[in-house]
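What follows is one structure encoded as structure tokens, with my remarks underneath.
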There are 2 protein chains.
Amino acid sequence: MSTTPPSPRERLLETASRLFYAEGIHTVPVDRLVTQADVTRATFYRHFPAKEDLVVAYLRATDARLRGAVETAVARGAAEQGVSAVLDLIGETTCAAGFRGCHFINAAAEYPDASDPVREAIAEHRAWFQQTVTELAARAGHPDPAYAGRVLVLLHDGALAGAQLDDPEAVRATVRRAGHDLLGLPH
Amino acid sequence: MSTTPPSPRERLLETASRLFYAEGIHTVPVDRLVTQADVTRATFYRHFPAKEDLVVAYLRATDARLRGAVETAVARGAAEQGVSAVLDLIGETTCAAGFRGCHFINAAAEYPDASDPVREAIAEHRAWFQQTVTELAARAGHPDPAYAGRVLVLLHDGALAGAQLDDPEAVRATVRRAGHDLLGLPH
DNA sequence: CGTCAAAGACAGAACGTTCGTTCTCCCTTT
DNA sequence: AAAGGGAGAACGAACGTTCTGTCTTTGACG
């Protein structure tokens, strides 16, 4: 089962994810994207009508990847451990090498227009996450799943926004302790 | 005591704060800045050697404004109420008209280089906030002021990052409840 | 009190660069 | 024959920055 070599479209998406996340969206020109993806300009515009379409595709691909990561992290334990697994996943994310905040929050900073397709992709991702963690809290028997879900989103946003500017390990510890305190989990 | 009319430099700073915050930094060209500030290009470059210098000045001015806001909000009550005042201030910020997240977190998304002067200004602001809320927690008699301070920063970051993308009122309520739960304050 | 020089601001053109996008031409694969 | 990709030139627009020239304000000094 040898994997087929990545198509130009896949190379573009992978390069976009890497560069957009590491350097911001507006600061990465099309020239760098096609050069690093080893693709010609014509190929770029054959797959994406404009740069913004690649931005949306990048966010949707990231969304799909994160859904998978949450699924596998949660599936490892029993229902009561799902919430704790999300807290751990947040900590691992903020302390990973090359961490530079949340793909979606960062993108939102560069796309202020709430009706922009980029913002729609962001909203869809956030709605999924909100719903997922709320269901996790309900399944774990939390008395107020809606509140628990909003707490998890709040801690997630705070961790990813702050850890790139402060000490990531301190943020990880704070998230874990605060999450367990708020949601009645054992330390 | 009639106020003197704002100088070109002040007009530039006010315009920069308004436009950079509402639309992002890289998306606002110098042309829009000088037009809306009613200033010529020559005047712009007489006060700021480059656009990035205006960005730094904008962040430092915002930092000064926020220090004042926290001071007055805290000064209104006794020592034990300082932490609660910060929580209230966060809620008011996220629910204000035109709210679009945190000036500094948004700017960091557009300036990935940690050694950039913009990032230095961001780091200074965050260090001040971290230290201020930690001292507030200590003054209020919290048993673990360092943890309480990190919790306040975490809630602050999460609220400002999330409220622009979700329901601000829900975020406000969550921050208040979670903050009081975590820090042992009465509801 | 009057004067002159320096500084700051206005108006607008202009420069060089970079960006997103399009185009032409050729090659390979199916 | 058709479609997808490679190579690279080219275009028009937008951007940050500089320049030329004129006018007003200001303050030091005769």
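The chains referred to below are lettered A, B, ... by the order of the sequence lines, with proteins before strands, and numbering in each begins at 1.
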Just the rounded figure in Å: distance from P of C:dT17 to CZ of A:Arg32.
19 Å
Counting only non-hydrogen atoms, which of residues 21-28 of chain A are less than 4.0 Å from DNA chain D?
none
In whole Å, what is the span from the CZ atom of A:Phe44 to the P atom of C:dC19?
13 Å
Nearest-Å distance, CG (A:Leu33) to P (C:dC19)?
11 Å
Mind checking side-chain contact (heavy atoms from CB on, under 4.5 Å) for B:Val70 and listing every partner two or more places apart, or none if nothing turns up?
B:Val74, B:Leu89, B:Trp128, B:Thr132
Would you please name every residue forming a side-chain hydrogen bond (donor to acceptor under 3.5 Å, both in side chains) with A:Glu120, sequence neighbours left out?
none
Can you check nucleotides 11-13 of chain D for protein contacts, nitrogen or oxygen pairs under 3.5 Å, and list what you find?
none

Expected rows: protein N/O vs nucleotides 10-15 of chain C N/O, under 3.5 Å:
unit_1: C:dC10; atom_1: OP2; unit_2: B:Thr43; atom_2: OG1; d: 3.1

By side-chain hydrogen bond (donor to acceptor under 3.5 Å, both in side chains) - contacts of A:Arg119 (at least two apart)
none
Would you mind writing out the side-chain donor-acceptor pairs for residues 177-187 of chain B within the sub-3.5 Å range, not counting sequence neighbours?
unit_1: B:Arg177; atom_1: NH1; unit_2: A:Asp144; atom_2: OD2; d: 3.2
unit_1: B:His180; atom_1: ND1; unit_2: B:Arg176; atom_2: O; d: 2.7
unit_1: B:Asp181; atom_1: OD1; unit_2: B:His187; atom_2: NE2; d: 2.9
unit_1: B:Asp181; atom_1: OD2; unit_2: A:Tyr147; atom_2: OH; d: 3.4

Rounded to whole angstroms, how far apart are CG on A:Leu54 and P on C:dT21?
11 Å
In whole angstrom, what separates B:Leu12's CG from C:dG8's P?
15 Å
Expressed in angstrom and rounded to an integer, what is the separation of A:Asp53 atom CG from C:dG20 atom C1'?
13 Å
B:Arg126 and B:Asp157 ion-paired at < 4.0 Å
yes
Partner residues of B:Ala78 under the side-chain contact (heavy atoms from CB on, under 4.5 Å) criterion, sequence neighbours left out:
B:Glu80, B:Gln81
I need the full list of salt bridge (charged side-chain N to carboxylate O under 4.0 Å, His left out) pairs touching residues 30-46 of chain A, with sequence neighbours left out, sorted by first then second residue.
A:Glu23-A:Arg32, A:Asp31-A:Arg41
Over how many whole Å does the gap from B:Asp31 atom CG to C:dT18 atom P extend?
20 Å
For A:Thr15, check side-chain hydrogen bond (donor to acceptor under 3.5 Å, both in side chains) against everything at least two apart and list the hits.
none
Which atom pairs, donor and acceptor, lie under 3.5 Å between side-chain atoms of residues 49-58 of chain A and protein residues at least two apart or in another chain?
unit_1: A:Lys51; atom_1: NZ; unit_2: A:Ile25; atom_2: O; d: 3.2
unit_1: A:Lys51; atom_1: NZ; unit_2: A:Val28; atom_2: O; d: 2.9
unit_1: A:Asp53; atom_1: OD2; unit_2: A:Ala50; atom_2: N; d: 3.1
unit_1: A:Tyr58; atom_1: OH; unit_2: A:His103; atom_2: ND1; d: 2.7

Does a side-chain N or O of A:His47 approach OP1 or OP2 of D:dG5 to a distance below 4.0 Å, or not?
yes
Salt bridge check, B:Arg60 against B:Glu124: does any charged N sit closer than 4.0 Å to a carboxylate O?
yes
Cut-off 3.5 Å, no hydrogens considered: what does the side-chain donor-acceptor table look like for residues 148-156 of chain B, sequence neighbours left out?
unit_1: B:Arg150; atom_1: NE; unit_2: A:Thr174; atom_2: OG1; d: 3.1

